[in-house]
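Just below is one structure, and these are the notes that go with it.
Order of the sequence lines fixes the chain letters, A, B, ..., with proteins taken first and strands second; residue numbering starts at 1 for each chain.
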Amino acid sequence: MTVRVRFAPSPTGYLHIGGARTALYNYLYAKATGGTFVLRIEDTDLERSKAEYEKLQIDDLKWLGLLHDEGPDKPNPKYAPYRQSERTEIYQKHAQELVDKDLAYYDFCTEEELDAMKEKAAAEGRDPVYEGKWKDPAFHQEALDRIAKGEKPAIRFRAPKKSYTLNDKVKGSVTYPENMVGDFVIVRSNGQPVYNFCCVVDDYLMEITHVIRGEDHLNNTVRQLMIYEALGAKIPEFAHVSLLIGHDRQKLSKRHGATSVNLYRSEHYLPEAMCNYLCLLGWSHPTEKDIFDKQDIVEVFSLDRFSASSAMYDLEKFKWVNSEHIKKMDNASLILLIEQEPETEFFRKQSPEWKNACVELLKRYAQFITDFPKLVNELILNDDPEITDPLKEILSWDTTPQILAFIAEETGKVTSEFISEAELNGWMEHVKKIMGVKGKPLFQGVRAALTGHDHGPDLKFLIPLTPVRVLKNRVAHLNK
RNA sequence: GCUCCCAUCGUCUAGCCCGGUCUAGGACAUCGCCUUUUCACGGCGGUAACAGGGGUUCGAAUCCCCUUGGGAGUACCA
């Protein structure tokens, strides 16, 4: 059996990190099993669905590298179309078949009548169950007559009176008691089919073998089980992945701040890092590895390593994962990414050797790609550093003024754009031998004179990357 | 309210299915130390958890029940 999985977002907003995680698991499972990853657009809620969101979500998915094998833009004629709004006739046909078999019926109940039933059920402390007269087959003819007169009924599914058991890949055995749900609408009176129905018809017709989705659908599944049964369809495997929660332990949503993928994308997080972090929320690597890329995971991914409890989204760890991916990345790729950042004119103009040395030095300090331009500015280009207290202290040492004077003199003599490590070493030697300064006063003094800071990366790597004109300005600045 | 799901360090988790090897392992964060002639990077180490109560058993983080806590669902939303 070839695995077919799907990610089925509603285009009612940006791609959410929870959605991205679900998409990721589906993608990974497809790749791990040599299966097919299908993208289906669940836009049956005409009011909220927008074509632009569909495009935006697909863009985000692509950015994450979660490319689908089939979808609206990559249709397989056997299963197309992939937008539910374009499949209305398919749903109506199947709904009609259910009515013909008396597995569903026309319902003309008004909103008021329905509300009254719900209130009654609530008062009696049970779930609302449809008890309208149209449930009775005796009224079928009356319904037909009203339809003939042009009235529009909803189509309601006749929920079997029995309990259902689901063998979920992550939750294990789940039993839905009899009467958990009453008869439910599958086609609205305006002819629009409803999610639970579309979902099953599509999964059935698209031959989906594994449904990997959020736990918020766990209760829905009983309705879907009923429909599979009524349709005579094979029931796929289900894996209800636990939900992502925010710091207040509530389901992650917009009010938790940065929860849409495009936000991280615009802040230039690495897509691989995002997949890596998201993957770890509720799933664990068999050898407890926590830094990996998609290729590594595909080889070991399986549905039996999901955690059953919900996971808190923690930006701190995500940031760490991002920084680990930066450290792992080769310099050439890093340089390419950095040059796409704004305010990197200086960086872009430098020699390949300079860029490589610069990235090699700075990547251990950077958590994000956007940190590189910042670090270059602070560490390499800033020529009037702030005089901080620790810096003042170094400047007050007896030996510092002479170091400062010496550095001013030496940098004044340099005509090249940069100095070499050897030249720097020469200066250090001079200060050490001729001036008799060593240890902390030596290094801290030279550091202060050349960088205007009391701390930072190793001087022998940093200074050869710093333009001599900046060095000159700094010494002049400090001499004032 | 009702139904379903969940419960190991602050956080993500391993272990649970197939009880003993768990005085519970890893990672983030945090704290400390070491190294480096400075500063970092790094390395090493510390603090820190089986929600509570009953069973079952020679033995329970692991199996069962209850309580408590948390989450989700309860639509002619998805």
Nearest-neighbour nucleotide for the Glu215(A) side chain, G71(B), C12(B), A27(B) considered: G71(B)
Leu218(A) side-chain proximity, nearest of C76(B), C5(B), C28(B): C5(B)
[atom1] atom, [N] versus [M]: distance in rounded Å?
N: U3(B); M: C22(B); atom1: C1'; result: 37 Å
N: U47(B); M: C33(B); atom1: P; result: 16 Å
N: A7(B); M: G53(B); atom1: C1'; result: 15 Å
N: C63(B); M: C18(B); atom1: C1'; result: 12 Å
N: A72(B); M: G32(B); atom1: C1'; result: 43 Å
N: C6(B); M: A48(B); atom1: P; result: 31 Å

Nucleotide [N], atom [atom2] - distance to [atom1] of [X] in whole Å:
X: Glu112(A); N: A75(B); atom1: CD; atom2: P; answer: 16 Å
X: Asn322(A); N: A29(B); atom1: CG; atom2: P; answer: 13 Å
X: His240(A); N: A72(B); atom1: NE2; atom2: P; answer: 16 Å
X: Glu316(A); N: C28(B); atom1: CD; atom2: P; answer: 12 Å

Strand partner of [N], provided both Watson-Crick or wobble distances fall under 3.5 Å:
N: C2(B); result: G73(B)
N: U37(B); result: none
N: U30(B); result: G46(B)

Position toward the 5' end of RNA chain B (nearest nucleotide), His455(A) or Arg305(A): Arg305(A)
Lys327(A) vs Val170(A), nearer the 5' end of RNA chain B by closest nucleotide: Val170(A)
Side chain to side chain donor-acceptor pair (under 3.5 Å) partners of residues 10-26 of chain A, not counting sequence neighbours, each pair once: none
Would you kindly check whether a donor in the side chain of [X] faces an acceptor in the base of [N], or vice versa, at under 3.5 angstrom?
X: Asn220(A); N: A78(B); result: yes
X: Glu288(A); N: G25(B); result: yes
X: Ser189(A); N: C76(B); result: yes

Test log, rule side chain to side chain contact (heavy atoms under 4.5 Å, CB included), inputs Lys363(A) and Leu334(A): CA-CA 9 Å; Lys363(A) 68 182 183 185; Leu334(A) 238 21; 3.8 Å; yes
Test: Asp304(A) and Lys169(A) ion pair at under 4.0 Å: no
Aromatic plane relationship, Tyr264(A) with Phe318(A) - under 30° parallel, 30 to 60° tilted, over 60° perpendicular: tilted
Give the table of side-chain donor-acceptor pairs shorter than 3.5 Å for residues 366-374 of chain A, with sequence neighbours excluded, one pair per line with atom names and distance.
| residue | atom | partner | partner atom | Å |
| --- | --- | --- | --- | --- |
| Asp371(A) | OD2 | Gln367(A) | N | 2.8 |
| Asp371(A) | OD2 | Phe368(A) | N | 3.1 |

